[in-house]
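The first residue in the sequence is number 1, and the count goes up from there. Computed from a predicted model, the values in this text were never measured in an experiment.
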Amino acid sequence: MSENPEIKTTFRESKIKVLVVDDHPIIRQGLALLFSQKNDMKVCGEADSVETALEQIAVLEPDIAIVDISLKNSNGLELIKQIKSQNKNLPVLVLSVHDESIYAERALRAGARGYIMKEELTDNVVTAIRRIMRGKLYLSSQISEKMLDKLVTPFPDISESPVEKLSDRELEVFRLFGLGMSTQEIADKIHVSPKTVQSYRVRIKEKMNIEKTSDLLKYAIQWVSKE
């Protein structure tokens with residue numbers, strides 16, 4: 001007899017409590033509606049920033065958090081790292097518009113248990129939550145194959161994008177440059193000094209083998225436009 005995908009609430013003390021962390025109200029509302037139609041899960045809270053999310057986690061004690069990469073005044077990868085340092089048993093599923101080939105592995109390294117693109121925002125997210133709550137990972141077949149290739153290939157991929165050489169914070173700064181933000185605006189958004197942003201920019205140019213800031217800006221703008 002096959003297992004019923006709808007986990008009966010009679011076998012649980014309560015439904016799976018999901019905290020949705022996304023800076024788009026429509027996405028939060030859509031997920032709340034989707035989960036309300038399931039027997040085994042519900043949205044217990046919403047947040048649009050790192051600060052609000054951490055407060056909600058402390059108060060609501062969710063079973064799983066769904067986190068976007070781009071958040072209000074912050075970054076989803078940083079939130080995942082903070083969750084893992086403060087609530088190591090809370091699983092995180094990343095739901096984002098950002099290219100999984102760039103962000104999925106980073107999200108897993110930060111502590112996430114799965115990554116799903118927003119264009120797949122149907123019952124796939126429900127499947128992902130159920131899988132993660134059973135202690136498993138959830139990734140697309142393409143990303144799973146890519147990560148396995150890295151494990152079995154002894155040499156680095158020479159076709160790898162220069163962007164993949166960047167640290168999580170450097171990637172965030174690079175992306176914000178591509179969005180047209182000034183050094184001061186980036187500093188305010190990621191809560192560092194303008195001097196620190198300038199240091200990031202220097203390191204980014206070195207890693208990507210780019211000499212001129214103007215060339216870096218052009219590259220960043222082109223990269224963001226393809227996200």
> Take atom CG in L33; do more than 12 heavy atoms of anything else shown fall under 6.0 Å from it?
Replying inline: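 Counting neighbours around CG of L33, more than 12 heavy atoms of other residues, nucleotides or ligands fall under 6.0 Å, so yes.
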> Knowing that exactly one of V92, I69, V50 qualifies, which makes a side-chain contact (heavy atoms from CB on, under 4.5 Å) with L79?
Replying inline: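 Among the candidates, only V50 passes.
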What's the shortest heavy-atom distance between [X] and [Y], and which atoms?
{"X": "C44", "Y": "L60", "value": "O-CD1, 3.3 Å"}
{"X": "I129", "Y": "I66", "value": "CD1-CD1, 3.8 Å"}
{"X": "L217", "Y": "F177", "value": "CD1-O, 3.5 Å"}
{"X": "T183", "Y": "P194", "value": "CG2-O, 3.6 Å"}
{"X": "L31", "Y": "V20", "value": "CD1-CG1, 3.6 Å"}
{"X": "A128", "Y": "L93", "value": "CB-CD2, 3.9 Å"}

Distance from [X] atom [atom1] to [Y] atom [atom2], nearest 0.5 Å?
{"X": "N209", "Y": "D215", "atom1": "CG", "atom2": "CG", "answer": "11.0 Å"}
{"X": "L139", "Y": "E105", "atom1": "CG", "atom2": "CD", "answer": "10.0 Å"}
{"X": "I83", "Y": "L54", "atom1": "CD1", "atom2": "CG", "answer": "6.5 Å"}
{"X": "K42", "Y": "S36", "atom1": "NZ", "atom2": "OG", "answer": "12.0 Å"}
{"X": "M133", "Y": "M41", "atom1": "CE", "atom2": "CE", "answer": "9.0 Å"}
{"X": "I64", "Y": "L19", "atom1": "CD1", "atom2": "CG", "answer": "10.5 Å"}

> Given V224 and F174, is the side-chain contact (heavy atoms from CB on, under 4.5 Å) satisfied, shown in steps?
Replying inline: CA-CA 9 Å; V224 168; F174 175 75; 5.9 Å; no
Is any side-chain heavy atom of [Y] closer than 4.5 Å to one of [X]?
{"X": "I80", "Y": "V94", "answer": "yes"}
{"X": "Q56", "Y": "V21", "answer": "no"}
{"X": "K15", "Y": "D40", "answer": "no"}
{"X": "D168", "Y": "K81", "answer": "yes"}
{"X": "L176", "Y": "I190", "answer": "yes"}
{"X": "R175", "Y": "W223", "answer": "yes"}
{"X": "Y138", "Y": "N124", "answer": "yes"}
{"X": "D23", "Y": "S49", "answer": "no"}

>> Regarding K189 and E185, does a basic nitrogen lie under 4.0 Å from an acidic carboxylate oxygen?
In response: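 Looking at K189 and E185, the cut-off is not met.
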>> Salt bridge or not between R169 and E172? Use side-chain N to carboxylate O under 4.0 Å.
In response: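 Judged by the 4.0 Å cut-off on N to carboxylate O distance, R169 and E172 do form a salt bridge.
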> Please walk me through it: do V125 and L34 pass side-chain contact (heavy atoms from CB on, under 4.5 Å)?
Replying inline: CA-CA 9 Å; V125 70; L34 174 64; 3.4 Å; yes
> What pairs with E170 under salt bridge (Lys or Arg N to Asp or Glu O under 4.0 Å), at least two apart in sequence or on another chain?
Replying inline: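 Partners of E170 under the salt bridge (Lys or Arg N to Asp or Glu O under 4.0 Å) test: R203, K207.
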> Who passes side chain to side chain donor-acceptor pair (under 3.5 Å) against Q184, sequence neighbours left out?
Replying inline: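 Q184 satisfies side chain to side chain donor-acceptor pair (under 3.5 Å) with D188 once adjacent residues are dropped.
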>> Which residues pass the side chain to side chain donor-acceptor pair (under 3.5 Å) test with H191, not counting sequence neighbours?
In response: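 With sequence neighbours excluded, H191 shows a side chain to side chain donor-acceptor pair (under 3.5 Å) to no residue whatsoever.
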> Short question: side chain of K205, backbone of L216 - any donor-acceptor pair under 3.5 Å?
Replying inline: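 A pair under 3.5 Å: no.
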> Do L179 and L171 share a hydrophobic cluster, counting only Ile, Leu, Val, Met, Phe, Trp and Tyr and linking them when any side-chain heavy atoms are less than 4.5 Å apart?
Replying inline: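 Per the 4.5 Å side-chain linkage, L179 and L171 are co-clustered.
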